[in-house]
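The structure under discussion appears below in the form of structure tokens.
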Amino acid sequence: MASAVLARAQIAAHTCDSLCELVQGIKEGAGTIMVAEEVLADPAAAALAEVLGSQPPWSDLPVLVLARQGADSPVIAKAMDRLANVTVIERPMRVASLISTVRTALRARNRQYQLRELLDGLRESDQRKTEFLATLAHELRNPLAPMSTALTLLMRKPHEPAEARRYYELMGRQIDHMVRLVNDLMEVSRITRGKIELRMEAVALEAVIEDAIELSRPLLEGARHTLGKQLCSEPVVVRGDGVRLTQVFSNLLNNAAKYTAPGGKIRIELRREGREAVVEVWDNGTGIAPDMLKSIFEMFVQVSGTSKAAQGGLGIGLTLVKSLVELHGGSVEASSAGLGRGAMFCVRLPLARVESGVPASPAPAVRGWPAWLPGTVLIVDDNRDAADALGELLRSMGATTRVAYSGDAALRMVAEGPAPGLAILDIGMPGMDGCELAIRLRANPALAGLILVALTGWGQHGDKERIALAGFDHHLLKPLDLAALISTLGPHHEP
């Protein structure tokens with residue numbers, strides 16, 4: 001009778017002929033169960049209590065008991081003690097009460113299934129983050145080993161300049177590598193929080209791809225890969241940030257190089273399709289399993305079984321690619337015939353309406369201290385090694401530098417004179433931090449023309465606002481890129 005009533009209400013029900021069948025049905029999956037009070041008096045009801053007691057943490061299967069009239073039944077009292085999620089419906093019952101109670105129980109069960117999916121997702125995400133942090137620790141430690149070895153070698157005995165130079169170059173390469181890793185982390189943080197700013201202009205994709213190839217050339221040549229390219233005979237212009245688009249295609253080329261065995265073949269193609277520019281990067285490397293093609297762009301996801309092949313990265317390059325392409329109004333997708341059969345990444349970008357303009361030429365290498373910059377530079381950093389090293393570097397280029405290791409020491413130095421024309425201040429100093437020091441320097445009438453540059457390891461939006469309010473002219477991230485400093489100040493500061 002209950003099954004017939006539920007069927008008329010379009011609720012699917014299955015009738016069990018015994019408690020053993022009911023217990024087996026629960027193991028296979030159920031939204032709710034309904035039993036008569038008389039069934040609970042059966043000795044076999046212990047199996048029902050056992051299976052309900054062994055539910056996973058997310059599960060609390062609703063149990064509806066059709067009871068005889070009266071609330072003093074010892075069977076019902078015992079059931080409510082042994083079975084957790086029990087609802088008692090006295091007979092005789094109204095049809096509407098039965099249907100509404102069953103529907104309520106099923107809605108609660110659906111919520112439990114949703115919770116199960118959420119918990120499974122959280123566990124998977126936590127596992128991905130654990131693997132990512134292990135990779136991060138490994139990759140950040142890698143550059144430290146050769147730098148430490150090179151420093152030990154340099155300190156053990158005197159070296160001729162030519163002999164020592166290769167150790168300096170080694171340390172320079174490893175520092176650049178570590179900076180790239182940290183920059184990738186900061187890029188992902190900024191992009192996922194929507195804090196990145198694009199400098200949009202007309203960009204020729206041919207030039208962008210050539211720049212990307214140049215950036216990736218050391219990795220390609222180091223693995224002895226053959227690179228083929230097929231570009232359009234006529235200009236393909238999009239509206240975008242040339243630096244960011246170069247980053248996109250360099251990341252795709254680096255990804256192809258890392259996941260392709262030495263001596264592999266990589267190809268990049270550029271063509272038009274309607275109102276879109278299409279760039280494809282092909283390789284004959286490890287390939288991608290079909291179930292990974294969608295999730296490969298997600299944060300913390302690495303292709304199973306290939307992490308050892310992809311040395312020298314954090315596995316977040318494709319996350320950056322997807323985010324940057326979508327910020328340009330485009331799309332990116334991956335395709336592969338399967339593991340061991342190579343892969344192809346396709347980027348689509350909308351063509352610019354007015355096809356004109358090319359990316360700006362890169363800034364020339366910095367060789368000496370520009371004449372249009374102030375000759376006296378104040379450097380303030382509580383990290384003595386960092387402050388002294390930057391002071392030595394600027395002095396080697398022809399600047400006059402004064403180095404202080406605290407805000408108070410910097411103020412005393414300024415009071416003694418001469419007044420600096422440029423001050424590079426660390427923000428995260430104990431006591432008087434860089435922002436407070438900047439405010440005090442701005443309040444000094446004798447420093448009316450002072451150029452203030454903030455140097456910090458933090459690049460969050462809130463930090464930038466606080467730095468701007470303190471009176472800084474520019475904000476640069478550690479480690480200081482000298483070319484970026486000079487380019488940022490620009491010749492417009494020339495008196």
Side-chain angles (χ1 to χ4, degrees), residues 173 176-177 179-181 183-184 187 198-199 201-273 276-286 309-314 316-325 328 330 332-336 342-349 351-352 355 357-365 481 483:
R173 288 192 299 270
D176 288 344
H177 176 56
V179 169
R180 284 196 298 272
L181 293 175
N183 284 344
D184 278 352
E187 289 285 279
L198 298 179
R199 297 180 181 180
E201 59 184 355
V203 178
L205 280 185
E206 295 89 346
V208 167
I209 290 174
E210 292 290 353
D211 289 344
I213 291 173
E214 192 60 33
L215 283 176
S216 302
R217 192 176 301 282
L219 194 58
L220 294 167
E221 292 180 349
R224 306 187 308 280
H225 292 318
T226 301
L227 176 64
K229 62 180 179 179
Q230 183 177 338
L231 307 181
C232 282
S233 56
E234 55 184 15
V236 179
V237 180
V238 299
R239 182 166 176 76
D241 186 318
V243 173
R244 297 299 184 182
L245 290 176
T246 300
Q247 185 179 3
V248 165
F249 299 119
S250 177
N251 276 2
L252 289 178
L253 287 170
N254 289 346
N255 189 74
K258 291 176 183 178
Y259 288 97
T260 301
K265 294 182 179 179
I266 297 171
R267 187 171 81 255
I268 185 167
E269 298 181 3
L270 169 64
R271 65 177 184 274
R272 294 167 174 260
E273 282 188 9
E276 290 183 323
V278 179
V279 181
E280 294 177 347
V281 178
W282 298 74
D283 67 68
N284 63 343
T286 56
Q311 298 296 323
L314 299 177
I316 57 178
L318 293 180
T319 305
L320 287 173
V321 166
K322 182 175 186 292
S323 300
L324 288 172
V325 169
H328 283 81
V332 59
E333 61 180 5
S335 62
S336 174
M344 187 274 285
F345 289 84
C346 177
V347 175
R348 295 178 177 272
L349 295 167
L351 290 168
E355 299 192 353
V358 295
S361 301
D481 183 334

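- Under the 4.5 Å side-chain criterion, counting only non-hydrogen atoms from C-beta, Asn255 is in contact with Phe345.
- Qualifying side-chain hydrogen bond (donor to acceptor under 3.5 Å, both in side chains) partners for Asn254, counting only residues two or more places apart in sequence or in other chains: Ser216.
- Annotation: side chain of Leu318 is not in contact with side chain of Asn251 (no heavy-atom distance under 4.5 Å).
- A heavy-atom distance below 4.5 Å is not found between the side chains of Val279 and Val208.
- Between the CD1 atom of Ile268 and the CG atom of Leu253 there is a distance of 4.5 Å, given to the nearest 0.5 Å.
- Here the shortest heavy-atom pairing between Leu220 and Ala257 reads CD2-CB, 3.8 Å.
- Within the 4.5 Å cutoff, the side chain of Ser335 has no heavy atoms near those of the Glu333 side chain.
- When every heavy atom of Ala277 is checked against every heavy atom of Val236, the shortest pair comes out as CB-CG1, 3.5 Å.
- Separation of atoms CZ (Arg348) and CD (Glu276) is listed at 5.5 Å; rounding is to 0.5 Å.
- A 4.5 Å side-chain heavy-atom check between Glu269 and Arg267 finds at least one atom pair inside the cut-off.
- Checked for salt-bridge contact, Glu201 and Arg199 miss the test: no charged N lies under 4.0 Å from a carboxylate O.
- Between Glu234 and Arg272, the shortest heavy-atom distance links the atoms OE2-NE, 3.3 Å.
- Remark: Leu320 CG to Arg244 CZ distance equals 9.0 Å, nearest 0.5 Å.
- Using a 4.5 Å cut-off on side-chain heavy atoms (C-beta onward), Val238 and Leu245 make contact.
- Separation of atoms CD (Glu214) and OG1 (Thr246) is listed at 11.5 Å; rounding is to 0.5 Å.
- In this structure, CG on Leu205 lies 11.5 Å from CG on Asp211, to the nearest 0.5 angstrom.
- The backbone N or O of Gly342 lies less than 3.5 Å from no partner atom in the side chain of Asp283, so there is not a single donor-acceptor pair.
- The structure places CG of Leu219 at 8.0 Å from CD1 of Ile266, a figure rounded to the nearest 0.5 Å.
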TODO: Go through the steps for Thr260 and His225 under the test side-chain contact (heavy atoms from CB on, under 4.5 Å), then give the verdict.
DONE: CA-CA 8 Å; Thr260 301; His225 292 318; 3.7 Å; yes
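- At least one side-chain heavy atom of His328 sits less than 4.5 Å from a side-chain heavy atom of Asp241.
- Pairing each heavy atom of Leu270 with each of Cys232, the nearest pair is O-SG, 3.3 Å.
- The shortest distance between side-chain heavy atoms of Gln247 and Leu324 falls below 4.5 Å.
- The heavy-atom pair separating Leu349 from Gly330 by the smallest distance is CD2-CA, 4.2 Å.
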